Amino acid sequence: AQKITQTQPGMFVQEKEAVTLDCTYDTSDPSYGLFWYKQPSSGEMIFLIYQGSYDQQNATEGRYSLNFQKARKSANLVISASQLGDSAMYFCAMREGYVENSGGSNYKLTFGKGTLLTVNP
Amino acid sequence: GAVVSQHPSRVICKSGTSVKIECRSLDFQATTMFWYRQFPKKSLMLMATSNEGSKATYEQGVEKDKFLINHASLTLSTLTVTSAHPEDSSFYICSARNYRLAGGPYEQYFGPGTRLTVT
């Protein structure tokens, strides 16, 4: 089973409108972190927002907010007031567990397949 | 803030040659670095985890003799694609783990990537 599922290969939104990018995850580990990254055509991975599994409140960072529904195992990204510069690939990722001195493998990020967002003027 | 660099950003090589890609953490020590591969419009696939001073841990299906990883210092990891072929053409991205920020959102920083084209 896929650990991170992004069901929207592509999304379109009008400039200044809000858009929600879906992400569901699968883990049996009680301790995990969820990330959203933006990847423009240049290829760099830009960190947007993070939600820890024990965080009580949904994360927000400027125009980005994460709709964290733990029981449903979903972590959707909401972008408010879309801008043309938001057009990019968006990846949801998960890091499972944290065990000190356990070696590198516990810090791996697992990525979803991504959603290509296009903002129309 | 923390920065991770990669060199070169783009490389074109002939089939059969080897190519070395460097990943450096510029203002923090990275005991662990990760190497990813990304095909066009696809996701990042973890190739290997590189630990300073020890052998890299490769993901299933990744040829360790094909993709040589060396993590000789706390700020440098290298990926060498040996005897490259056109099917090795891809975007390679490294990330470095800042253990001082372990467990939080800023634990890993990504490099800008290297686009490899094998002709």
Side-chain angles (χ1 to χ4, degrees), chain A residues 2-6 9-10 23 31-55 59-61 64 66 75 88-118, chain B residues 1-6 9-10 23 30-60 69 71 77 90-116:
Chain A
Q2 287 193 7
K3 293 205 170 191
I4 295 287
T5 302
Q6 293 181 254
C23 173
S31 177
Y32 53 90
L34 297 160
F35 300 76
W36 276 94
Y37 289 90
K38 172 184 178 181
Q39 187 181 42
S41 56
S42 61
E44 61 179 317
M45 295 292 285
I46 302 170
F47 165 70
L48 295 178
I49 196 166
Y50 168 85
Q51 182 86 41
S53 59
Y54 296 117
D55 293 343
T60 60
E61 288 286 348
Y64 305 108
L66 200 153
M89 197 74 169
Y90 288 80
F91 291 100
C92 180
M94 177 172 64
R95 183 186 64 217
E96 293 175 280
Y98 175 66
V99 180
E100 185 63 52
N101 298 324
S102 65
S105 62
N106 287 66
Y107 313 121
K108 291 191 296 186
L109 284 174
T110 304
F111 287 85
K113 292 186 175 181
T115 297
L116 181 61
L117 176 66
T118 302
Chain B
V3 176
V4 175
S5 70
Q6 273 185 250
S9 57
R10 289 179 179 269
C23 178
T31 54
T32 303
M33 291 185 175
F34 302 92
W35 287 96
Y36 295 86
R37 181 175 183 178
Q38 186 181 30
F39 291 106
K41 299 192 187 302
K42 298 293 184 183
S43 187
L44 279 72
M45 300 300 298
L46 180 66
M47 299 173 66
T49 302
S50 167
N51 293 300
E52 187 267 336
S54 63
K55 290 184 179 180
T57 302
Y58 289 82
E59 295 299 302
Q60 195 171 9
I69 292 172
H71 194 155
S77 176
S90 191
F91 191 59
Y92 293 88
I93 307 176
C94 73
S95 73
R97 177 176 178 262
N98 186 346
Y99 73 93
R100 293 184 186 276
L101 301 177
Y106 302 105
E107 181 182 292
Q108 278 193 45
Y109 293 90
F110 284 87
T114 296
R115 198 164 301 279
L116 170 64

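Numbered from 1 within each chain, the chains take letters A, B, ... in sequence-line order. As the structure is a prediction and not an experimental result, all values here were calculated from the model.
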- Note on the structure: Here the gap from A:Lys108 atom NZ to B:Glu59 atom CD, rounded to the nearest 0.5 Å, amounts to 4.0 Å
- Query: With a 4.5 angstrom heavy-atom cut-off, which part of A:Leu109 approaches chain B: side chain, backbone, both or neither?
  - Reply: both
- Does any heavy atom of chain A fall under 4.5 Å from the side chain of B:Leu44, the backbone, both, or neither of them? both
- Shortest non-hydrogen contact between B:Ser43 and A:Gly112, atoms and distance: OG-O, 2.5 Å
- From the list A:Gln6, A:Met45, A:Met89, the residue making the most non-hydrogen contacts under 4.5 Å with chain B is A:Met45
- Item | All ring-ring contact (aromatic ring centres under 6.0 Å, His included) counterparts of A:Tyr50, not counting sequence neighbours | A:Phe35
- Note on the structure: Shortest non-hydrogen pair, B:Pro105 vs A:Phe47, comes out as CB-CZ, 3.7 Å
- Side chain, backbone, both or neither: which part of A:Phe111 has a heavy atom under 4.5 Å from chain B? both
- Among B:Arg115, B:Gln38, B:Met45, the residue with the most heavy-atom pairs under 4.5 Å to chain A is B:Gln38
- Query: At what distance, to the nearest 0.5 angstrom, does NZ of B:Lys41 lie from CD of A:Gln39?
  - Reply: 10.5 Å
- Task: Answer with side chain, backbone, both or neither: which region of A:Gln51 has an atom nearer than 4.5 Å to a non-hydrogen atom of chain B?
- Result: neither
